[in-house]
Amino acid sequence: DVQLVESGGDSVQAGGSLKLSCRVSGSPDSAYVMGWFRQGPGKEREGVGGIEGSGSATYADSVKGRFTISKDNDNILYLQMNSLQPEDTAAYYCVADPGIVRVGLATRLRDAAFRYWGQGTQVTVS
């Protein structure tokens, strides 16, 4: 099985930046779809964004223009978060899916259709 471990969560003042990392193990196929979800207290779980094997990324409207997802060849997924605001306060989860079913990334994010989930890392903005 694939294992996902997030790191980089912290407390930051509004307007600041953080970069989250997700270490991927278990020898996933290079075609895996990867992404980030978040859930704040009293809020619905939200798909922050995702990235396909081609490198194409999709983002939620709430973070578009502020957050950037990237990955490298060492099985590391990143979430660069800029211009953080209090509404970004949440536990952030790294997710992965084999991508066998042919659905769009936006649809997968909407439906939380990812097989593997990390344990989460807390981001607090004040």
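Owing to the predicted nature of the structure, the values given are computational and were not obtained by experimental measurement.
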S.K.: Nearest 0.5 Å, please: how far is CG in D10 from NZ in K19?
M.R.: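 Going from the NZ atom of K19 to the CG atom of D10 covers 15.5 Å.
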S.K.: Rounded to the nearest 0.5 Å, what separation is found between the CD atom of E6 and the OG atom of S21?
M.R.: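 One gets 10.5 Å once the value is rounded to the nearest 0.5 Å.
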S.K.: Measuring from Y32:OH to N75:CG, what's the distance to the nearest 0.5 Å?
M.R.: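 One gets 11.5 Å once the value is rounded to the nearest 0.5 Å.
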S.K.: Assess whether side-chain contact (heavy atoms from CB on, under 4.5 Å) is satisfied between V103 and D111, documenting all intermediate values.
M.R.: CA-CA 11 Å; V103 298; D111 297 339; over 6 Å; no
S.K.: Any chance you could pull the hydrophobic cluster mates of V33, using side-chain heavy atoms under 4.5 angstrom and chaining through other members?
M.R.: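 Besides V33, the cluster holds F37, Y93, V95, L105, L109, F114, W117.
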S.K.: Between K71 and I76, is a side-chain contact (heavy atoms from CB on, under 4.5 Å) present by the stated rule, with each step listed?
M.R.: CA-CA 6 Å; K71 59 181 180 180; I76 305 293; over 6 Å; no
S.K.: Taking distance alone, no hydrogens or angles, what donor-acceptor pairs closer than 3.5 Å link side-chain atoms of residues 40-55 to residues at least two apart or in another chain?
M.R.:
{"unit_1": "K43", "atom_1": "NZ", "unit_2": "E87", "atom_2": "O", "d": "3.1"}
{"unit_1": "E46", "atom_1": "OE1", "unit_2": "R38", "atom_2": "NE", "d": "2.9"}
{"unit_1": "E46", "atom_1": "OE1", "unit_2": "R38", "atom_2": "NH2", "d": "3.1"}
{"unit_1": "E46", "atom_1": "OE2", "unit_2": "S62", "atom_2": "OG", "d": "2.5"}
{"unit_1": "S54", "atom_1": "OG", "unit_2": "S56", "atom_2": "N", "d": "3.4"}
{"unit_1": "S54", "atom_1": "OG", "unit_2": "S56", "atom_2": "OG", "d": "3.3"}

S.K.: Any heavy-atom pair between the side chains of M34 and L4 that's under 4.5 Å?
M.R.: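 Contact flag for L4/M34 side chains = yes.
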S.K.: So, taking the atom named CE in M81 and the one named OG1 in T68, what distance separates them when rounded to the nearest 0.5 Å?
M.R.: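 Here the interatomic distance stands at 11.0 Å.
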S.K.: CG of L77 to CZ of R23: how many Å apart, nearest 0.5 Å?
M.R.: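 CZ of R23 is found 12.5 Å from CG of L77.
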S.K.: Do any pairs count as a disulfide (SG to SG under 2.5 Å) and have a residue in residues 21-51, sequence neighbours left out, and if so which ones?
M.R.: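 Those involving residues 21-51 are C22-C94.
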S.K.: Which atoms form the tightest heavy-atom contact between S83 and S17, and what is the distance?
M.R.: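 Looking at all heavy atoms of both residues, the closest pair is N-OG, 4.3 Å.
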S.K.: Can you name the nearest heavy-atom pair linking G99 to R108, along with the distance?
M.R.: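 Taking every non-hydrogen atom into account, CA-NH2, 3.9 Å.
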S.K.: Tell me, do P98 and R115 make a side-chain contact under 4.5 Å, heavy atoms counted?
M.R.: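 In contact.
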S.K.: Please round to the nearest 0.5 Å and tell me the distance separating atom OG of S7 and atom OH of Y92.
M.R.: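 Taking OG in S7 and OH in Y92, the distance rounds to 15.0 Å.
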S.K.: Any side-chain heavy-atom pair from D88 and R66 closer than 4.5 angstrom?
M.R.: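 They are in side-chain contact.
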